[in-house]
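See below for the structure under consideration.
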Amino acid sequence: MSRKVYVEVAAVFTPEGQIMPRHIRWEDGTLFSVDRVVDIRHAAATKAGGCGLRYTIRIGGRQTYLFLDEDRWFVEANDKKQPSA
């Protein structure tokens, strides 16, 4: 079963107005660097519910999703695990 985990995100604003995440701080304090933003689109969080901008990102060579729902960032997680593909 998946759940929403709200995370702290350090992001930059591009000159074009896009928000680009650079780091994610997990609920236990672990800091993850975003290697690459692969895609950005409006989409639903099918595992945990909700919707918003879905960022397809790479962290440590693994692809995962990061969601921006209005003014809060979240990831879908499986029972207290860290972000995974």
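In this chain, residues are counted from 1 in sequence order.
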*Would you indicate whether the side-chain heavy atoms of V75 and T64 approach each other to under 4.5 Å?*
no

Name each donor-acceptor pair under 3.5 Å that joins a side chain in residues 6-21 to protein atoms two or more places apart or in another chain, with its distance.
| from | atom 1 | to | atom 2 | distance (Å) |
| --- | --- | --- | --- | --- |
| T14 | OG1 | E16 | N | 3.3 |
| T14 | OG1 | E16 | OE1 | 3.2 |
| T14 | OG1 | G17 | N | 3.4 |
| T14 | OG1 | Q18 | N | 3.0 |

*By salt bridge (Lys or Arg N to Asp or Glu O under 4.0 Å), which residues pair with D39, not counting sequence neighbours?*
R41

*Might you point out which heavy atoms bring V38 and Q63 nearest each other, and give the distance in Å?*
CG2-OE1, 4.3 Å

*Shortest non-hydrogen separation from I40 to V37 and the atoms involved*: CG1-CG1, 3.8 Å

*How long is the span from the CD1 atom in I57 to the CZ atom in R22, to the nearest 0.5 Å?*
11.0 Å

*Partners meeting side-chain hydrogen bond (donor to acceptor under 3.5 Å, both in side chains) with T56 (sequence neighbours left out)*: none

*Hey, which of K4, R54, R72 is the one that makes side-chain contact (heavy atoms from CB on, under 4.5 Å) with F67?*
R54

*asked:* To the nearest 0.5 Å, what is the distance between CG on L66 and CD on E76?
replied: 10.5 Å

*So do the side chains of L31 and R25 get within less than 4.5 Å of each other, counting heavy atoms only?*
yes

_Please give me the minimum heavy-atom distance between G60 and D35, naming the atom from each residue._
N-OD2, 2.7 Å

*About how many Å separate OH of Y65 and CG of L53, when rounded to the nearest 0.5 Å?*
14.5 Å

*Mutual orientation of the aromatic rings belonging to F32 and W26 [parallel < 30°, tilted 30-60°, perpendicular > 60°]*: perpendicular

